[in-house]
Every structure is written in structure tokens, then in C-alpha cells.
Amino acid sequence: MNSQNIYILGIESSCDDTASSVICNGKVISNVVANQKIHAEYGGVVPELASRAHQQNIVPVVHQALKKAEINKSQLNAVAFTRGPGLMGSLLVGTSFSKSLAYGLNIPLIDVNHMQAHILAHFIDEDGFEKPKFPFLALTISGGHTQIVKVNDYFDMEVIGETIDDAVGEAFDKSGKILGLNYPAGSEIDKLAQSGNPKAFKFTKPKVEGLNFSFSGFKTAVLYFIQREVKANPNFIKENLNDICASIQYTIIGILIDKLKLATKQTGINQIAIGGGVSANSGIRKALKDGEQKFGWKTYIPKFEFTTDNAAMIAIVGYLKYLDKDFAGQDVMASARLKI
Ligand code: KG4
Ligand code: ZN
């Protein structure tokens with residue numbers, strides 16, 4: 001490798017994953033994530049436990065990212081970190097660590113917006129993956145967020161729709177909890193749904209104006225439905241688990257696709273890029289691909305490891321900002337409610 005190589009270290013600690021990645025000229029050369037298993041027994045992320053786990057994980061995770069990249073920290077050109085949005089205690093761990101590291105190495109510090117990073121993950125150089133062209137629409141769907149963003153340029157983005165209550169991942173996770181599945185339940189519902197009938201049970205879709213979403217009513221509808229059926233037949237869940245999961249997933253996908261249809265109509269933009277943990281869902285992936293035939297969409301689905309919370313997406317934003325010399329000062333602060 002020659003001296004033209006620009007190495008960016010990315011650090012992500014906004015929720016319950018401690019992650020670090022090294023990117024060289026836009027290509028990922030290491031991508032390490034330490035998941036925090038501790039939250040599963042509580043059925044959701046416990047903020048205080050998340051911060052403590054970040055404290056324990058951050059040094060080994062960064063070491064591993066450097067080791068896997070086969071570089072020394074003195075070769076780094078900049079440190080990029082998640083400034084927000086996220087859980088304050090979690091963000092503080094990554095922010096303080098990154099500030100100290102950049103200061104110690106005397107290299108630039110770059111602050112990154114986590115939501116922008118989910119979108120800009122599409123600009124990681126990856127064989128076989130095409131990068132979207134501006135302008136495009138981004139659908140970011142995870143346990144913490146649900147947004148439709150109009151992306152005019154790398155750092156010119158406009159949120160045109162978002163959830164007014166729960167995120168779509170919560171709709172999966174909370175439905176899973178009602179069914180007695182482990183947290184987070186999204187991938188299990190996805191698996192169970194594959195051998196179920198999506199039209200076995202009907203759940204009404206929430207009526208929300210424009211491009212916004214709402215999932216709290218949906219979760220309540222699932223709860224009341226299950227309570228009613230279990231009262232009549234205590235084995236209802238066990239006997240119908242695949243059909244229930246398929247029906248829940250079908251309804252959620254319908255909600256997302258309806259809003260995307262409206263967004264493409266309103267903006268006249270037919271390119272759609274997705275991101276966030278829920279974009280791993282096989283039904284959503286299929287519905288988007290089908291949209292290419294049905295509605296003339298062009299869809300972009302990133303590699304799985306870059307859709308869930310990860311640090312490669314932070315590092316790629318770091319790289320883009322590095323090229324613009326858009327650096328942060330040591331006075332930069334974590335921001336739990338940072339907006340796009
Ligand atoms: O992006 P992510 O790893 O973390 C944040 O929430 O930011 O997303 C986690 C969410 C969880 O709600 C999980 O249930 C959901 O993504 N998820 C899925 C699938 N895999 C993960 N939801 C539906 N289908 C899946 N295959
Ligand atoms: Zn995220």
C-alpha cells in the first residue's frame with residue numbers, strides 16, 4: 001500500500017452494539033461488532049447496562065479492528081465517531097474515547113450522525129454493490145428508527161416521513177414478546193413467517209397522514225387479538241405461530257410499501273435505498289425487488305453487515321468528511337437527539 005492510502009477508524013456506540021471499523025480509501029478492511037447479549041433477558045435495551053458494556057468492550061473492539069486491518073494506530077488519518085442520535089450514556093463512551101484517541105494521535109476528529117451513516121453506508125466500496133445516484137429516497141428501518149429521507153447529496157438530506165411513536169423494529173420485537181419469542185424477535189418472526197400464510201389473520205393498518213408512520217396502535221391490535229384468541233383456545237399461539245408471524249410481517253411490509261409508493265409519487269424519485277436492522281427482513285427485501293417490476297423502482301439493498309448498527313458506516317462518513325476537511329473540535333459533545 002502506498003502513502004496515498006487514507007485510513008479512517010470508525011467508532012459506533014449509540015445503542016447496544018460496540019463497533020469499530022477501519023476503512024481505507026472507501027473500502028472496508030475491518031469491521032468488528034460486539035453485540036451485548038445482556039439485554040435479551042430484559043426484553044429490551046437497558047441503557048445503564050449498555051453504557052457499562054460499552055466501557056468494557058470499546059478498547060478490545062478497537063484493538064481488534066486495527067489488528068484485523070493489519071495496521072498500526074499511528075497509520076490512522078482520522079477518528080470518526082457517532083455523535084448521535086442514541087442513548088446518552090452509550091454515546092458518551094464512544095465520544096470520550098474517540099476524542100482522547102484523536103488527541104493522543106494528533107489526528108483529526110470527525111463527528112458522524114448515525115442516521116446519515118445508515119444511509120451513506122451505500123457509498124462503501126464493495127464489489128457487486130452499486131452506489132445510488134442522487135437524488136434518491138432512503139428508508140431507514142430499525143429498532144430505534146423509521147424514516148423516509150430524501151437524499152439530494154451526501155450531506156444534503158431531508159426527512160420527509162418518520163414514525164410518530166414506535167419504530168418498525170419495535171413492532172416486530174413487541175409482537176414477538178406477545179408471542180413469547182426472544183428479544184429481539186425480528187429475525188425469528190422472519191423465519192417463522194416463511195412457512196406461514198400471510199393472509200391467515202388480518203390486522204388493520206394505522207391511518208397516518210402523509211409519509212409519517214405509527215406502530216403503537218398495531219402493537220396493541222396484536223396484543224388484543226392474541227388475548228382474545230388465547231382466551232378461546234389456550235394453544236392458539238402454538239398451533240398458529242407460523243401464520244401469526246406471516247400475517248404480522250405481511251401487515252408491516254404493507255405499511256412500509258404503501259408509504260414508499262406515496263413518497264415516490266410525491267417526489268418523482270424512483271430510486272430507493274434501504275438501511276437499518278429491519279432491512280434484513282426477507283419479506284421486505286422481496287417486496288422491494290418486486291417493486292422494481294411493479295412500480296418501476298430501482299432499489300439498493302446493502303450487504304447485511306452494513307445495514308445493522310456497525311462502524312463501517314461511521315468510517316465511510318468519516319472518509320467523506322475527511323475529503324471535505326470537515327473536522328470536529330475537542331469541544332464537540334454527544335447529542336442524544338441529533339437530527340439529520
Ligand atoms: O439496526 P439495528 O441492528 O439496531 C437498531 O435498532 O438501531 O436493528 C435492530 C432491529 C431489531 O428491532 C430487530 O428485531 C430487527 O432489527 N431485525 C429484523 C430482522 N433482523 C433484525 N426485523 C425483521 N426481520 C429481520 N430479519
Ligand atoms: Zn441504527
Side-chain angles (χ1 to χ4, degrees), residues 10-19 31 33-37 39-40 43-47 50 54 81-87 90-91 94 112-122 138-147 149 162-163 166-179 181-194 196 198 213 215 218-219 245-256 274-288 301-314 316-317 336-338 340:
I11 292 176
E12 153 66 31
S13 72
S14 65
C15 189
D16 60 339
D17 295 312
T18 320
N31 188 27
V33 183
N35 303 114
Q36 301 179 0
K37 300 270 178 285
H39 307 287
V45 176
V46 184
H54 283 305
F81 71 98
T82 305
R83 183 178 167 217
L87 301 170
S90 293
L91 290 168
V112 175
N113 179 311
H114 180 93
M115 296 309 298
Q116 286 190 344
H118 268 304
I119 297 168
L120 297 174
H122 285 273
L139 175 71
T140 40
I141 42 179
S142 78
H145 13 82
T146 306
Q147 289 186 329
V149 183
E162 62 189 329
T163 183
D166 289 354
V168 61
E170 285 179 274
F172 275 104
D173 297 338
K174 289 178 180 172
S175 299
K177 200 169 178 178
I178 295 165
L179 298 173
L181 304 178
N182 291 327
Y183 172 88
S187 65
E188 205 176 342
I189 291 182
D190 189 356
K191 262 185 235 130
L192 290 163
Q194 282 168 25
F213 299 90
F215 288 101
F218 174 76
K219 165 195 72 192
C245 289
S247 303
I248 287 173
Q249 183 167 304
Y250 178 77
T251 312
I252 293 176
I253 294 170
I255 296 168
L256 297 173
I274 58 166
V278 180
S279 61
N281 186 273
S282 60
I284 290 171
R285 287 175 172 240
K286 183 173 180 308
L288 283 168
I301 303 176
K303 218 173 153 185
F304 179 68
E305 65 179 299
F306 305 141
T307 65
T308 54
D309 283 352
N310 67 87
M313 68 181 194
I314 305 303
I316 190 69
V317 180
R337 298 193 174 273
L338 190 66
I340 272 188

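Being a predicted model, the structure only gives us computed values, none of them experimental. For ligands, and for the atoms within them, numbers begin at 1 and follow the listed sequence.
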Element-labelled atoms of ligand 1 that are located less than 4.0 Å from some non-hydrogen atom of [X]:
| X | answer |
| --- | --- |
| Gly144 | 6 (O) |
| Gly169 | 12 (O) |
| Pro184 | 13 (C), 14 (O) |
| His145 | 7 (O) |
| Gly143 | 5 (C), 6 (O), 8 (O), 9 (C), 10 (C), 12 (O) |
| Gly186 | 14 (O), 18 (C), 19 (C), 22 (N), 23 (C), 24 (N), 25 (C) |

Inset, instruction - Report the name of the N/O/S atom of His114 located nearest to the Zn ion (ligand 2). - result: NE2

Inset, instruction - Provide the atom name of the closest N, O or S atom of Asp309 relative to the Zn ion (ligand 2). - result: OD1

Taking 4.0 Å as the limit for heavy-atom contacts, which would you say applies to [X] with ligand 1: side chain only, backbone only, both, or neither?
| X | answer |
| --- | --- |
| Asp190 | side chain |
| Gln249 | neither |
| Asp173 | side chain |

Considering non-hydrogen atoms only, spot the tightest contact between [X] and [Y] and give its length.
| X | Y | answer |
| --- | --- | --- |
| Glu188 | Leu181 | OE2-CD2, 3.6 Å |
| Ile11 | Ile314 | O-CG2, 3.7 Å |
| Val45 | Pro47 | O-CD, 3.4 Å |
| Ser279 | Gly276 | OG-O, 2.5 Å |
| Met313 | Ala117 | CB-O, 3.4 Å |
| Asp309 | Cys15 | OD2-CB, 4.2 Å |

Can you tell me the protein heavy atom closest to [atom] and the distance?
| atom | result |
| --- | --- |
| atom 15 (C) of ligand 1 | Val278 CG2, 3.9 Å |
| atom 4 (O) of ligand 1 | Asp309 OD2, 3.4 Å |
| atom 24 (N) of ligand 1 | Asn281 ND2, 2.9 Å |
| atom 17 (N) of ligand 1 | Gly277 O, 3.7 Å |

[X] versus [Y]: any side-chain heavy-atom pair under 4.5 Å?
| X | Y | answer |
| --- | --- | --- |
| Leu91 | Phe81 | no |
| Phe306 | Asn31 | yes |
| Asn281 | Ile252 | no |

Inset, instruction - Would you check if the Zn ion (ligand 2) lies under 2.8 Å from any N, O or S atom of His118? - result: yes

Legend entry - Over 12 non-hydrogen atoms of neighbours within 6.0 angstrom of NZ in Lys174: yes

